[in-house]
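Because the structure is a prediction, the values reported are computed rather than measured.
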Amino acid sequence: MRPESTLRKWGGRIRGIQADEIASMKNSNRSRIALIAAVLCVFLTSACATVKNEPLATVDYVDLERFMGDWYVIAHIPARLEREAHNAVESYRLSADGTIETTYTFRDGGPDGELRSFHPRGYVYDSATNAEWRMQFVWPFKAEYLIVYLDEDYTLTMVGRSKRDYLWIMSREPRVPETTMRDLVRRAEEMGYDPDRVRKVPQHWP
């Protein structure tokens with residue numbers, strides 16, 4: 001075999017090996033990039049979930065007797081049953097045994113809609129602050145119920161959950177100034193709630 005033929009033969013083999021190595025390197029890089037992307041995705045998703053599930057701070061203290069009575073639900077991130085609530089009112093009454101008799105009423109679908117009424121019972125879970133409750137709709141299940149905002153005059157309050165899935169913004173009056181509403185929604189956003197999910201509850205009263 002001539003020397004030049006041998007060189008061409010080996011040159012072809014070398015180029016083939018180099019091409020295989022380059023392709024292998026590209027595949028390896030793609031795998032690394034995909035792995036890094038997957039790890040970042042998991043990390044970011046976990047980080048978001050962690051933020052949403054961080055414990056939601058309550059107010060320092062709630063005077064239960066002052067907190068009792070009627071509260072108009074002026075805005076909320078609603079549970080399924082109250083998505084079209086109108087004239088929503090939450091009422092609390094302190095029982096002799098320390099539990100809280102609760103009545104939640106609203107008109108479903110409009111001001112003249114069906115009147116719906118629910119009667120869960122509240123249990124003070126943190127007696128040092130009286131701001132962390134458990135609300136029982138069906139025995140034996142109790143749901144987290146946190147008083148996360150309360151003004152000094154006990155005229156405005158917000159109740160939420162660490163999951164940031166539900167929120168109730170309430171007032172002693174059926175209507176509040178728009179500036180007050182914006183401030184309350186801003187406070188909720190600072191707590192980790194999505195402000196776009198907040199629904200203003202229509203209140204129609206004589």
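Other residues, nucleotides and ligands contribute at most 12 non-hydrogen atoms within 6.0 Å of the CD atom of Glu84. Summarising the local packing, CG of Asp60 is surrounded by 12 or fewer heavy atoms from other residues, nucleotides or ligands at distances under 6.0 Å. Other residues, nucleotides and ligands place more than 12 heavy atoms under 6.0 Å from the CD atom of Glu190.
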Expected list for residues 108-115: side-chain donor-acceptor pairs under 3.5 angstrom, two or more places apart:
none

Acceptor/donor pairs from residues 129-143 side chains to any protein atom, 3.5 angstrom cut, sequence neighbours excluded:
from   : atom 1 : to     : atom 2 : distance (Å)
Thr129 : OG1    : Asp126 : OD2    : 3.2
Thr129 : OG1    : Ala131 : N      : 3.1
Asn130 : ND2    : Val62  : O      : 3.1
Glu132 : OE2    : Arg134 : NH1    : 3.2
Glu132 : OE2    : Arg134 : NH2    : 3.1
Trp133 : NE1    : Asn130 : O      : 2.9

Scan the side chains in residues 176-185 for donor-acceptor partners under 3.5 Å anywhere in the protein, sequence neighbours excluded, and list what turns up.
from   : atom 1 : to     : atom 2 : distance (Å)
Glu178 : OE1    : Lys200 : NZ     : 3.1
Asp183 : OD1    : Arg186 : NH2    : 2.4
Asp183 : OD2    : Arg187 : NE     : 3.1

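Of the inter-residue distances, the one linking Ile169 atom CD1 with Ile77 atom CD1 reads 8.0 Å to the nearest 0.5 angstrom. Put simply, OG1 on Thr103 and CZ on Arg121 are 10.0 Å apart, with the number rounded to the nearest 0.5 Å. Taking CG from Asn87 and CZ from Arg107, the interatomic distance works out to 7.5 Å, rounded to the nearest 0.5 Å. If you take CZ on Arg175 and CD1 on Ile74, they are separated by 11.5 Å, rounding to the nearest 0.5 Å.
In this structure, Phe106 has its ring center closer than 6.0 angstrom to the ring center of Tyr104.
The backbone N or O of Asp97 lies less than 3.5 Å from no partner atom in the side chain of Ser95, so there is not a single donor-acceptor pair. Judged purely by atom type and a 3.5 angstrom limit, Asp151 uses its side chain to pair as donor or acceptor with the backbone of Leu156. Side-chain atoms of Ser162 come within 3.5 Å of backbone atoms of Leu56 as a donor-acceptor pair (strictly under, hydrogens ignored). The closest donor-acceptor contact from the side chain of Arg172 to the backbone of Tyr154 lies under 3.5 Å. Between the Tyr193 side chain and the Tyr166 main chain, a donor and an acceptor come within less than 3.5 Å of each other.
One hydrophobic cluster, built from ILVMFWY side chains closer than 4.5 Å, cannot hold both Tyr123 and Val159; they sit in different ones. There is a path of hydrophobic side-chain contacts, each under 4.5 Å, that joins Leu146 to Met158. With hydrophobic clusters built from ILVMFWY side chains whose heavy atoms lie under 4.5 angstrom apart, Phe118 shares a cluster with Val201.
Taking each heavy atom of Thr102 and Gly122 in turn, the nearest pair found is OG1-N, 4.1 Å. Gly160 and Leu167 get closest at one heavy-atom pair: CA-CD1, 4.4 Å.
At least one side-chain heavy atom of Arg199 sits under 4.5 Å from a side-chain heavy atom of His76. Side-chain atoms of Thr157 and Phe67, non-hydrogen and from C-beta on, do get closer than 4.5 Å to each other. Side-chain contact between Trp205 and Val89 is present, with at least one heavy-atom pair separated by less than 4.5 Å. With a 4.5 Å cut-off on side-chain heavy atoms, Trp168 and Trp71 do not count as touching.
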